[in-house]
Amino acid sequence: MKRIVCLMVLFFTLPFVSGAQAKIYTKKMKVADFTEKTLKVVMLGNEIENTAFRTEVVNHWKLSPYEFCSIQDFKRLKEDDRYYFMFIAGKEDGLDYLEVVKGTRGVGERIEKMLAVVNLPIRATGDRGLRYLSYMGAYLDFFQEFIADAMTNDIIGYSGLYRKALNAKLIQDSAIRIADCDVAQPLDGTFKVMMEENNIYVLPEQEVTDLMLASAGKTVVSYCLRPLAEVKHKYCYTLLIGAEDHKLYYCNKKYYVFDQDAGFNQSSLSKLLKKISR
């Protein structure tokens with residue numbers, strides 16, 4: 001036992017002794033300059049989407065200076081650590097993510113190796129609908145809140161936005177509106193009555209989108225993201241977002257096999273009811 005302890009001490013001590021001149025950087029230190037650097041917002045969509053994206057950035061982004069740029073600009077500047085970049089990019093899970101990364105030297109064509117600051121899926125890859133734009137302002141707002149916290153707190157920086165979204169209990173006095181397209185399976189009639197007694201209603205997608213766009217007070221709305229194409233490992237994300245305050249109150253990533261299991265189901269909604277303790 002004594003020998004094992006000695007080996008463990010040696011293992012954890014040796015890198016610091018032999019590399020005394022090396023610097024240990026935490027994520028907090030790596031993003032501490034965020035507000036001093038320019039955020040390059042990369043335009044990748046069509047004209048309608050780019051115009052809407054620009055408008056949301058202008059209306060919501062306050063944390064740092066920003067400029068809009070093309071994909072060509074991004075490719076030319078991506079190794080320049082004087083810049084941060086924000087863009088929408090697809091991943092192998094069939095979802096497109098809104099991402100903020102830092103210019104990282106030596107990445108070459110390996111964009112995935114850039115220092116990730118924050119990311120969250122915002123639409124399914126190949127989805128031509130514009131529903132995601134209704135949530136863009138909220139994404140920008142809770143991204144900024146997360147980055148500001150990550151600049152001073154390594155636990156938040158490394159655990160990520162998903163971990164930070166554990167505030168479901170804070171919405172116990174809010175109206176919760178779930179879009180019908182975000183529900184995985186038909187809900188039992190008795191359970192729906194129990195939900196409605198707790199001011200949780202399933203509504204048509206457009207009605208929920210309208211509440212989001214109207215910044216409805218004391219209202220939390222759903223957003224579910226699931227891949228459209230067949231992918232090797234299928235995950236869906238179910239979110240609850242404050243329509244007025246743009247806070248991310250709930251974010252759950254779930255693996256599923258059958259399409260009818262993707263989204264809010266009776267089990268997840270039952271757990272939500274317990275969390276908010278009405």
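One finds no salt bridge joining K247 and D245 here, because no Lys/Arg side-chain nitrogen approaches an Asp/Glu carboxylate oxygen to under 4.0 Å. A salt bridge does not link R226 with D259: every distance from a Lys NZ or Arg NE/NH1/NH2 to an Asp or Glu carboxylate oxygen is 4.0 Å or more.
In the hydrophobic clustering of this structure, F142 does not group with F87; members are Ile, Leu, Val, Met, Phe, Trp, Tyr whose side-chain heavy atoms approach within less than 4.5 Å, directly or through other members. Hydrophobic cluster membership is shared by L240 and M194, with clusters built from Ile, Leu, Val, Met, Phe, Trp and Tyr side chains linked at under 4.5 angstrom.
E205 places no side-chain N or O within donor-acceptor distance of the main-chain N or O of D180, the cut-off being under 3.5 Å. The backbone N or O of A116 lies less than 3.5 Å from no partner atom in the side chain of K102, so there is not a single donor-acceptor pair. Without hydrogens or angle criteria, T51 side chain to E47 main chain gives a donor-acceptor distance under 3.5 Å. Side-chain N or O atoms of K78 include one that pairs as donor or acceptor with a backbone N or O of K75 at under 3.5 Å. Between the side chain of E79 and the backbone N or O of G106, at least one donor-acceptor pair lies under 3.5 Å. No donor-acceptor distance shorter than 3.5 angstrom exists from the side chain of N50 to the backbone of M43, with no hydrogens or angles considered.
Looking at residues two or more places apart in sequence or on another chain, you find a side chain to side chain donor-acceptor pair (under 3.5 Å) between D96 and R123, T125. Scanning for ring pair (Phe, Tyr, Trp, His ring centres under 6.0 Å) contacts around F53 gives an empty result, with sequence neighbours left out. In terms of the salt bridge (charged side-chain N to carboxylate O under 4.0 Å, His left out) criterion, residue partners of D182 (sequence neighbours excluded) are, by chain and number, R131. Scanning for side chain to side chain contact (heavy atoms under 4.5 Å, CB included) contacts around D261 gives Q185, Y256, F258, with sequence neighbours left out. Take Y135 and apply the ring pair (Phe, Tyr, Trp, His ring centres under 6.0 Å) test, not counting sequence neighbours, and it matches Y223. Under the rule for a side chain to side chain donor-acceptor pair (under 3.5 Å), the partners of K91 that lie at least two apart in sequence or sit in another chain are E99. Considering only residues two or more places apart in sequence or on other chains, N46 meets the side chain to side chain donor-acceptor pair (under 3.5 Å) condition with E49. Partners of D73 by salt bridge (charged side-chain N to carboxylate O under 4.0 Å, His left out), not counting sequence neighbours, listed by chain and number: R76. With sequence neighbours excluded, the residues satisfying side chain to side chain contact (heavy atoms under 4.5 Å, CB included) with A184 are N265. Here S64 pairs with W61 under the side chain to side chain donor-acceptor pair (under 3.5 Å) rule; sequence neighbours left out. In this view, Y132 satisfies the ring pair (Phe, Tyr, Trp, His ring centres under 6.0 Å) rule with no residue, not counting sequence neighbours.
Between the CG atom of N198 and the CG atom of L269 there is a distance of 11.5 Å, given to the nearest 0.5 Å. Here the straight-line distance linking atom CG of L120 with atom SG of C251 works out to 5.0 Å at 0.5 Å rounding. Atoms CG and CG, from D127 and L225 in turn, are 9.5 Å apart once rounded to the nearest 0.5 Å. Between the CG atom of L63 and the CD atom of Q144 there is a distance of 5.5 Å, given to the nearest 0.5 Å. The OG atom of S174 sits 6.0 Å away from atom OH of Y249, with the distance rounded to the nearest 0.5 Å. Atoms CG and CD1, from L98 and I88 in turn, are 5.5 Å apart once rounded to the nearest 0.5 Å.
Between Y84 and V101, the closest side-chain pair of non-hydrogen atoms is not below 4.5 Å. The shortest side-chain heavy-atom distance between L115 and T104 falls under the 4.5 Å cut-off. Side-chain contact between F68 and R54 is present, with at least one heavy-atom pair separated by less than 4.5 Å. You'll find the side chain of V183 reaches within 4.5 Å of the side chain of I178, heavy atoms only. Side-chain contact between V117 and I147 is present, with heavy atoms from C-beta onward closer than 4.5 Å. The shortest side-chain heavy-atom distance between E67 and V41 does not fall under the 4.5 Å cut-off. Q266 is not listed as a side-chain neighbour of K271, based on a closest heavy-atom distance of 4.5 Å or more.
Partner T55 forms a side chain to side chain contact (heavy atoms under 4.5 Å, CB included) with one of N59, V57, V58 and no other, that one being N59.
Between the side chains of R177 and N199, at least one donor-acceptor pair of N or O atoms lies under 3.5 Å.
Seen from the ring of Y237, K253 does not count as a face-on cation partner, given the 6.0 Å and 45° thresholds.
Listed by first and then second residue, the side-chain hydrogen bond (donor to acceptor under 3.5 Å, both in side chains) pairs that reach into residues 208-221 are Q206-D210, sequence neighbours excluded.
In this structure, E112 places its CD atom where more than 12 heavy-atom neighbours from other residues, nucleotides or ligands lie under 6.0 Å away.
Between Y83 and F85, the ring-plane angle classifies as tilted under the 30° and 60° cut-offs.
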